[in-house]
Amino acid sequence: MTVNEEYEILKTRVLRHNPNADIALLEKAYKLADEAHHDQKRKSGEPFIVHPVAVASMLADMDMDLATVIAGMLHDTVEDTDVTIEQVAAVFGQDIAYLVDGVTKLKHIPMTTKEELQAENLRKMFLSMASDIRVIVIKLVDRLHNMRTLQYVNTDSQITKARETLEIYTPLAHRLGMTKIKWELEDLCFKYLEPEAYASLEKQINQKREEQEAYISNVLSEIKAKLDEAGLKAKLDGRPKHLYSIHRKMITQNKTLEQIYDLLAIRVIVDTVQECYTVLGIIHELYKPIPGRFKDYIAMPKPNMYQSLHTTLIGPRGKPFEAQIRTWEMHRVAENGIAAHWKYKEDMDYKATDTDLKLEWVRNLLETQKDIDDASEFAETFKMDLFTDEVFVFTPKGEVKVFPTGSTPIDFAYSIHSAIGNRMTGAKVNGEIKPLNYKLKTGDFVEIITSAAPGRGPSRDWLNIVKSSEAKSKIKQWFKKERREENIERGKEAVERELKRLGVSNAQVMRDEWIQPHLQRHHFSSMDDMYNVIGFGDVSAQKFVGSLYSEYQKEQNDKDEGALKKAEAAAKREAEQAARSGDEYGAGSGGVIVKGLDNCLVRLSRCCNPVPGDSIVGYITRGRGVSVHRTDCPNIVSLSEGDNRMIDVRWAEKVKSSYVVQIGVKAVDSRTLLMDIVKTVADCNLSMTAINARKTRDNYELVDLKVEITERDELDRLVRRIRRIENVVDVGRSAN
Ligand code: MN
């Protein structure tokens with residue numbers, strides 16, 4: 001057939017699908033391609049134009065739209081001739097130019113690989129680069145035509161091409177449901193990759209062909225007779241199983257050719273779904289169905305939208321065969337997959353939007369496609385979310401690496417090796433120097449520039465730039481290791497600052513018994529290791545020192561309790577001694593000794609809160625022992641005027657319990673007063689148990705606070721400091 005004859009067929013195919021198609025535009029594409037490829041020849045010796053015409057024609061046969069057919073015609077022009085993409089856009093419009101550009105870009109993906117993981121990455125990259133489903137359809141058809149004419153290239157090229165096809169293209173065709181192309185590609189690959197096995201299987205099948213064809217045609221005519229009786233118009237054929245799948249089954253299931261069940265298969269194609277079930281009934285009446293082998297993919301379509309009825313029957317002479325029953329529309333979907341879906345939309349007068357034609361839609365479709373019929377295929381099923389979250393780029397060796405979207409050349413460098421990352425000084429992307437924060441794009445070729453100069457290393461800023469956790473942790477590791485001295489210094493400073501802030505000394509909290517558990521938890525052998533991580537920022541100084549500080553506080557509290565007990569014991573001893581020596585003071589609780597009374601109940605009054613050092617006086621209450629007041633307490637002054645229940649008391653020696661005192665502050669109205677007071681109390685290392693503020697009529701602020709102290713000195717110091725607060729006019733002990 002001449003090229004012109006082939007072109008005429010192409011035209012009829014286009015018009016069959018779309019009678020209003022712009023044939024003039026197609027003609028232009030044909031002319032342009034013919035001219036552009038004029039001095040090129042295929043390996044077969046034919047003029048090159050044979051190839052684009054064949055590709056366009058196959059696309060038209062799949063009922064693809066005119067844009068796809070024309071893009072098929074032009075698919076090799078931009079890459080292989082002087083034609084530019086701008087030219088294509090000017091003559092044929094953006095849509096067609098976009099498709100041609102997409103196919104051209106895919107050519108730059110080096111497709112050979114030996115590792116399965118790499119193949120998977122390559123397929124993903126392929127899909128994510130072809131931003132329009134039609135680009136992949138063109139690419140698959142292009143590959144199919146090249147595989148059909150593979151006999152003209154040398155054996156090495158045959159094997160390379162066939163392997164590439166089997167690794168990249170047939171899995172893609174499978175996922176896109178393009179079964180017809182997939183099978184033909186697989187058989188062609190099988191033929192070139194395993195010529196002996198292919199020849200042997202072909203021979204075996206041919207030996208049986210006559211017998212089988214006779215058998216099948218017998219079955220078909222029996223069925224046809226029944227369908228005619230029922231007035232059903234149907235297309236029947238014996239379904240040729242493709243060789244590669246028989247071969248795979250024989251190997252994976254370890255079966256002989258005879259044992260491959262559905263080797264004998266027929267297909268019935270009718271117009272309506274209703275008719276499918278009618279045909280099923282007729283066939284089941286005619287032959288005995290094998291239980292458990294019936295599958296209704298019409299009611300329950302496969303996730304790739306494949307629909308058909310499958311049943312296996314015992315045919316004449318007890319030979320089983322499989323029947324597939326489907327409508328014409330289902331047939332188209334079964335053969336052309338995604339391409340058929342897409343056309344289906346167009347048929348329904350659906351105005352295909354840009355997004356529909358973009359991969360998004362395919363991705364959604366594929367997302368639901370989990371073909372559990374075949375476990376190994378299932379494993380290959382794309383995880384679609386990877387597409388938007390990941391970019392695929394090449395190493396200088398052509399290896400594909402996957403990164404989270406937004407990754408940079410730094411991520412790339414660390415994925416090769418820590419040493420590459422640590423010594424990197426720059427990056428080339430597609431041959432051009434790019435900044436380190438350049439965002440990698442799928443299909444980029446990345447090359448890292450390193451320096452062997454000593455003292456080189458990552459910058460701390462990189463931690464904010466990188467996206468992959470691998471790079472992050474490797475950069476951190478470097479800082480931990482390489483900048484150890486610096487980190488240790490930094491860590492020591494941070495700890496010092498924190499100690500200062502807490503108002504404690506190094507010796508008070510940095511105690512070995514408290515530090516050891518921390519080191520053990522981190523598997524550190526020395527405090528330097530700890531300073532290292534603190535300086536590096538993995539552990540905060542606040543947290544570390546804070547934990548030691550709380551140990552310290554706990555110890556202080558214990559000490560206080562111990563001191564209190566000691567003081568009580570001392571007071572008791574003193575009182576006993578006093579009793580023996582005839583001293584008239586008895587011992588009481590609270591570190592106060594009551595004159596003439598032993599072990600009587602003593603309470604420090606809450607109205608004036610006396611503390612050791614205060615001048616005090618006792619008041620004998622009714623039934624509640626002796627309450628101790630400051631001599632200047634306004635309450636006691638009034639009490640003493642009544643009956644004579646006053647009694648002399650004095651502070652016991654070496655009292656070290658804690659006392660609550662109340663302090664009154666008078667100040668000019670100030671917004672920071674409360675804060676200043678609280679801070680002053682904290683600065684004195686005292687703890688506050690209450691604070692109250694109110695305003696006087698003449699607009700002074702009065703603040704009462706209760707503070708726990710152990711000695712009178714502490715109180716005096718606090719009062720002095722509060723007095724220094726700005727706006728404070730008076731400070732003193734206050735009473736309730
Ligand atoms: Mn081509």
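If you're wondering where the values come from, they're calculated on a predicted model, not measured in any experiment. Just follow the structure's listing: the first ligand is 1, and inside any ligand the first atom is 1. Reckoned from all heavy atoms, side chains included, excluding hydrogens, waters and symmetry mates. Quick note: residue numbers are just sequence positions, from 1.
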Would you name the N/O/S atom of His51 that lies closest to the Mn ion (ligand 1)? NE2
Under 2.8 Å from the Mn ion (ligand 1), can any N, O or S atom of His145 be found? no
Please name the atom of Asp142, restricted to N, O or S, that is closest to the Mn ion (ligand 1). OD1
Give the name of the N/O/S atom in Asp76 that lies closest to the Mn ion (ligand 1). OD2
So does Asn206 have more than 12 non-hydrogen atoms from other groups sitting under 6.0 Å from CG? yes
Would you say CG of Asn154 has more than 12 non-hydrogen atoms from neighbouring residues, nucleotides or ligands within 6.0 angstrom? yes
Under the salt bridge (charged side-chain N to carboxylate O under 4.0 Å, His left out) rule, collect the residues that match up with Lys434, sequence neighbours excluded. Glu432
Should the pair Arg143-Glu164 be classified as a salt bridge under the 4.0 Å nitrogen-to-oxygen rule? yes
